[in-house]
Amino acid sequence: MTAADRATVDRPAFLAGVRASGVIAAARLDRALSDATFARTAREAADRLVTAGALTRFQAERLLAGRSDGFVLGPYVILDHQGKTASGRVFKARQRTMNRLVAVKMLSTTLTATDEVREAIRAEARQAAKLAHPNLVTLLDVNQTGDRMYFVEEYLDGASLAAVITGGRLTVAQAGDIVRQVALGLQHAHEKGVAHGRLSPAAILLGKSTGEASDRPHVKVSGFGLGGFAAERESPAADFAYRAPEPFADPDTATPAADVYSLGCVLFHLLAGHPPVSPVPPIRYIRPEVPAAVAALLAAMLAEGPAARPTAEEVALRLSLFSEAVTGEGIDLNIPAATYSPATSILQSQSVVMSRPPSEPSPFAGMTLGINTHERTPVAVPVTQGKGKKKPTTKTKRKKKPARLHPLTATCVLLLIALGVTFALVLMLRRATAG
């Protein structure tokens with residue numbers, strides 16, 4: 001069935017629906033209709049308005065089907081349908097008062113059935129509204145129309161990490177930079193006393209780059225403000241592979257340590273090409289090229305005991321070593337619109353890693369900061385498929401370089417020689433004097 005076959009209204013009914021929907025200003029519509037050659041059919045009229053930028057394709061198809069309701073929510077005009085989640089539907093919208101793109105998340109009526117639940121959602125949203133960080137999706141508004149509640153968030157032109165990683169593994173540098181940015185956002189939330197509780201690739205959003213070769217995807221975390229209530233509606237398997245052990249005993253409690261564990265599961269997935277399964281194997285069994293420092297950090301993030309895990313700040317500090325060499329090459333964000341995710345279309349500048357030391361002794365105090373110089377870390381290499389044949393490689397013999405003494409070792413040797421010479425001279429002087 002073609003798009004034309006799906007049109008259920010004639011031209012007059014379509015134009016009446018456009019006028020009733022409120023998506024086009026009356027004066028603009030009147031100017032379009034004043035042209036005698038504007039259109040002969042409803043489909044032609046819809047195509048002309050879409051081409052002129054007066055309607056989106058989503059709006060046009062709904063209007064052609066005879067639906068003129070639900071396009072306007074207060075100051076927000078619905079432009080497109082982004083996708084469906086367990087807690088409701090997500091739409092791309094424009095805020096008329098500020099002339100900016102936003103994401104509107106319409107909550108399911110079964111989730112907001114009572115006044116008590118609606119007030120609890122508002123209370124959790126007010127906590128999330130305290131968060132303001134370049135790596136967190138900003139919650140702009142929580143409102144209600146009839147019996148439907150909706151969240152308004154900033155909009156990001158990109159894709160969720162869940163959609164991106166279906167293409168295979170990322171390089172160590174790319175995975176490290178994505179997780180670093182997520183850790184920075186979590187650090188800010190944890191400092192404000194807010195934990196996510198449902199972190200998974202679906203809650204991590206990647207913005208499209210500006211086209212520069214050295215540009216990296218900007219990463220934001222969504223889902224703050226609705227975590228506890230979305231959990232009641234989601235399937236237990238929705239983020240099962242990314243949950244820390246402790247939430248299974250107390251599902252209503254979200255902690256910073258549990259967020260770090262979930263982030264470790266995400267990092268494992270980006271490097272291995274699949275989520276971790278218990279018992280979790282060392283990542284270097286799967287990716288031998290992963291630097292030892294990164295492998296040790298990942299193992300600590302996935303520690304069974306919450307106290308043994310690093311903080312989000314420590315994770316960001318450790319992974320900041322990769323940030324200078326990361327590009328967006330190989331990360332395909334040209335995902336169909338149905339999988340696009342909420343946040344702003346303006347790519348903000350990269351956040352700065354906080355350099356203040358943690359308040360408590362770090363479990364990484366003895367770990368070497370930096371990349372193992374004897375291991376090669378791939379940087380800016382296109383995404384490699386999780387499955388596929390490896391290309392044969394030819395080994396070339398390398399000339400062995402002569403061993404070099406460490407400067408400190410050389411200094412110690414020289415001091416010993418000097419002391420020996422001095423001792424010998426003193427002994428000779430004593431013998432000469434005695435004679």
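Everything quoted here is computed from the prediction, not taken from an experiment.
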Q127: partners by side chain to side chain contact (heavy atoms under 4.5 Å, CB included), with sequence neighbours left out:
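So Q127 forms a side chain to side chain contact (heavy atoms under 4.5 Å, CB included) with K130, V194.
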
Non-neighbouring partners of D115 that pass side chain to side chain contact (heavy atoms under 4.5 Å, CB included), sequence neighbours left out
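D115: side chain to side chain contact (heavy atoms under 4.5 Å, CB included) contacts with R118.
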
[atom1]/[X] to [atom2]/[Y] distance, rounded to the nearest 0.5 angstrom?
X: L136; Y: L186; atom1: CG; atom2: CG; result: 7.0 Å
X: K192; Y: H133; atom1: NZ; atom2: NE2; result: 11.0 Å
X: T145; Y: Y150; atom1: OG1; atom2: OH; result: 6.5 Å
X: L63; Y: L55; atom1: CG; atom2: CG; result: 6.0 Å
X: K220; Y: S160; atom1: NZ; atom2: OG; result: 15.5 Å
X: F91; Y: Y76; atom1: CZ; atom2: OH; result: 15.5 Å

Determine, step by step, whether V137 and L205 satisfy the side chain to side chain contact (heavy atoms under 4.5 Å, CB included) criterion, reporting the C-alpha distance in whole Å, the side-chain angles of both residues, the deciding distance to 0.1 Å, and the verdict.
CA-CA 9 Å; V137 172; L205 315 177; 3.6 Å; yes

Looking at [Y], is its backbone amide N or carbonyl O close enough to the side chain of [X] to form a donor-acceptor pair, meaning the two atoms are under 3.5 Å apart?
X: Q187; Y: V315; value: no
X: E124; Y: I121; value: no
X: T114; Y: V117; value: yes
X: H196; Y: S222; value: yes
X: T56; Y: L79; value: yes
X: R169; Y: H274; value: no
X: R94; Y: V102; value: no
X: H188; Y: A132; value: yes

Any ion pair linking [Y] and [X] (charged N to carboxylate O, less than 4.0 Å)?
X: E119; Y: R126; answer: yes
X: R318; Y: E314; answer: no
X: R100; Y: E154; answer: no

Can you list, pair by pair, the side-chain donor-acceptor contacts under 3.5 Å of residues 260-268, counting residues two or more places apart and other chains?
residue: S262; atom: OG; partner: Y242; partner atom: O; Å: 2.6
residue: S262; atom: OG; partner: A258; partner atom: O; Å: 3.2

Hey, does [Y] have a side-chain heavy atom less than 4.5 Å from the side chain of [X]?
X: L270; Y: I178; value: yes
X: T109; Y: M149; value: no
X: V152; Y: V142; value: no
X: T311; Y: H190; value: no
X: L49; Y: I24; value: yes
X: R148; Y: Q144; value: no
X: Q181; Y: H218; value: yes

Heavy-atom pair of closest approach, residues [X] and [Y]:
X: P256; Y: A195; result: N-CB, 4.0 Å
X: A257; Y: R309; result: O-NH1, 3.0 Å
X: P245; Y: E304; result: CG-OE1, 3.5 Å
X: A254; Y: G197; result: CB-CA, 3.7 Å
X: L139; Y: E153; result: CD1-CG, 4.0 Å
X: P310; Y: L297; result: CG-CD1, 4.1 Å

Show your reasoning for whether side chain to side chain donor-acceptor pair (under 3.5 Å) applies to Q95 and N99.
CA-CA 5 Å; Q95 185 180 17; N99 192 29; over 6 Å; no

Taking atom CD of E116 as the centre, does the number of heavy atoms from other residues, nucleotides or ligands within less than 6.0 Å exceed 12?
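Open: at most 12 neighbouring heavy atoms sit under 6.0 Å from CD of E116.
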
Can I204 and L199 be said to form a side chain to side chain contact (heavy atoms under 4.5 Å, CB included), step by step?
CA-CA 8 Å; I204 300 172; L199 189 67; 4.1 Å; yes

Could you please spell out the steps behind the side chain to side chain contact (heavy atoms under 4.5 Å, CB included) verdict for F151 and L140?
CA-CA 8 Å; F151 280 33; L140 302 174; over 6 Å; no

Could you give me the CA-CA distance, side-chain angles and deciding distance for V172 and L271, then say whether side chain to side chain contact (heavy atoms under 4.5 Å, CB included) is met?
CA-CA 7 Å; V172 177; L271 295 175; 4.2 Å; yes

Candidates L131, V182, L184 - the one meeting side chain to side chain contact (heavy atoms under 4.5 Å, CB included) with V221
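Only match with V221 under side chain to side chain contact (heavy atoms under 4.5 Å, CB included): V182.
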
